Amino acid sequence: MSKKSDSFFPKVYNVARKIPFGRVTTYGAIARYLGTARSARMVGWAMNQCGNVRPAVPAHRVVNRNGLLTGKHHFGSDLMQQLLENEGIKIEENRVVDLKKVLWEPGKKQGKAKRR
DNA sequence: GAGGTGACGACCC
DNA sequence: TGGGTCGCCACCT
């Protein structure tokens with residue numbers, strides 16, 4: 001696979017799948033981690049295709065910069081909110097409560113890593 | 001084949 | 001300090 005087929009789509013899925021339980025991330029965080037902060041839109045698109053990708057991506061753990069469950073409408077009903085609450089994340093007004101507390105950024109990881 | 005849309009974000013004025 | 005505009009790349013029509 002030395003091809004250049006390294007589209008950032010699979011990268012987004014890879015990062016999204018690394019989101020730990022009870023934590024959430026933002027489109028911008030993933031996009032920035034990939035080096036394409038301006039392509040945050042594509043991250044959302046990747047989530048849209050997440051249902052078409054396996055293993056399934058916990059897109060319900062991905063919210064926008066405001067902590068708003070923008071993708072909730074795409075999940076269908078309040079499924080996204082229910083899933084987040086199921087993980088211990090409080091949701092109010094379709095927003096993640098204490099987003100900064102549950103916010104998880106790729107690259108930081110939980111323990112420690114080589115990081116760069 | 002081409003154009004428009006899209007689950008956002010950053011930059012500019 | 002806030003509001004407005006552009007950019008990004010892939011998928012759909």
Side-chain angles (χ1 to χ4, degrees):
Chain A
M1 310 245 278
S2 323
K3 301 241 185 88
K4 298 187 208 176
S5 55
D6 53 308
S7 302
F8 74 77
F9 256 66
K11 291 180 181 177
V12 173
Y13 301 136
N14 186 15
V15 176
R17 277 190 251 113
K18 290 169 68 177
I19 302 173
F21 185 88
R23 287 287 190 283
V24 297
T25 189
T26 64
Y27 302 100
I30 297 171
R32 189 183 304 171
Y33 176 72
L34 298 177
T36 54
R38 292 178 175 165
S39 304
R41 269 179 149 187
M42 292 292 83
V43 179
W45 256 120
M47 296 293 111
N48 190 344
Q49 294 292 308
C50 80
N52 193 25
V53 177
R54 260 77 65 180
V57 178
H60 63 274
R61 292 179 183 162
V62 183
V63 297
N64 68 359
R65 189 68 168 139
N66 298 317
L68 187 70
L69 280 64
T70 48
K72 183 178 127 178
H73 296 278
H74 294 261
F75 268 80
S77 191
D78 297 313
L79 177 62
M80 187 172 182
Q81 180 174 341
Q82 294 300 312
L83 291 172
L84 291 173
E85 288 182 340
N86 186 26
E87 298 191 0
I89 300 170
K90 292 176 178 149
I91 306 299
E92 190 168 307
E93 294 291 313
N94 296 337
R95 289 174 305 183
V96 178
V97 179
D98 295 332
L99 174 63
K100 186 164 61 178
K101 291 181 181 180
V102 297
L103 180 60
W104 175 86
E105 299 180 68
K108 283 193 166 186
K109 301 177 179 67
Q110 295 178 321
K112 67 177 57 158
K114 44 191 83 189
R115 184 182 336 186
R116 271 165 96 82

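Since the structure is predicted, the reported quantities are computational estimates derived from the model, not experimental observations. So you know, we letter chains A, B, ... as the sequences are listed, proteins then strands, and number each from 1.
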Hey, are the side chains of [X] and [Y] touching, using non-hydrogen atoms and a 4.5 Å cut-off?
X: A/R54; Y: A/N52; answer: yes
X: A/I30; Y: A/K11; answer: no
X: A/F75; Y: A/L69; answer: no
X: A/R61; Y: A/F21; answer: yes
X: A/M42; Y: A/T36; answer: no
X: A/H60; Y: A/E87; answer: yes

### Query
When the P atoms of B/dG4 and C/dC6 are considered, how many whole Å apart are they?
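Taking atom P in both B/dG4 and C/dC6, they lie 15 Å apart.
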
### A/N64 side-chain N/O to A/L68 backbone N/O, donor-acceptor pair under 3.5 Å
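Pair found, side chain donor or acceptor close to backbone of A/L68.
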
### Task
Taking heavy atoms of chain A and a 4.0 Å limit, find me the 5'-most and 3'-most nucleotide of DNA chain C within that range.
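First-to-last contact on DNA chain C, by the 4.0 Å heavy-atom rule, is C/dG7 to C/dC11.
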
Using the 3.5 Å cut-off, write out each protein N or O paired with an N or O of nucleotides 6-8 of chain B and the distance between them.
from: B/dG6; atom 1: N2; to: A/W45; atom 2: NE1; distance (Å): 3.1
from: B/dG6; atom 1: N3; to: A/W45; atom 2: NE1; distance (Å): 2.3
from: B/dA7; atom 1: OP1; to: A/H74; atom 2: NE2; distance (Å): 3.2
from: B/dA7; atom 1: O5'; to: A/H74; atom 2: NE2; distance (Å): 3.4
from: B/dA7; atom 1: O4'; to: A/H74; atom 2: NE2; distance (Å): 3.3
from: B/dA7; atom 1: N7; to: A/G44; atom 2: O; distance (Å): 3.2
from: B/dA7; atom 1: N7; to: A/N48; atom 2: N; distance (Å): 3.1
from: B/dA7; atom 1: N6; to: A/M47; atom 2: O; distance (Å): 2.5
from: B/dA7; atom 1: N6; to: A/N48; atom 2: N; distance (Å): 3.3
from: B/dA7; atom 1: N3; to: A/Y27; atom 2: OH; distance (Å): 3.0
from: B/dC8; atom 1: N3; to: A/R41; atom 2: NE; distance (Å): 3.4
from: B/dC8; atom 1: N4; to: A/R41; atom 2: NE; distance (Å): 3.1
from: B/dC8; atom 1: N4; to: A/R41; atom 2: NH2; distance (Å): 3.0

### Task
Identify which one of A/V62, A/V63, A/V102 satisfies the side chain to side chain contact (heavy atoms under 4.5 Å, CB included) criterion when paired with A/T25.
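Testing each of A/V62, A/V63, A/V102 against A/T25, the sole residue satisfying side chain to side chain contact (heavy atoms under 4.5 Å, CB included) is A/V62.
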
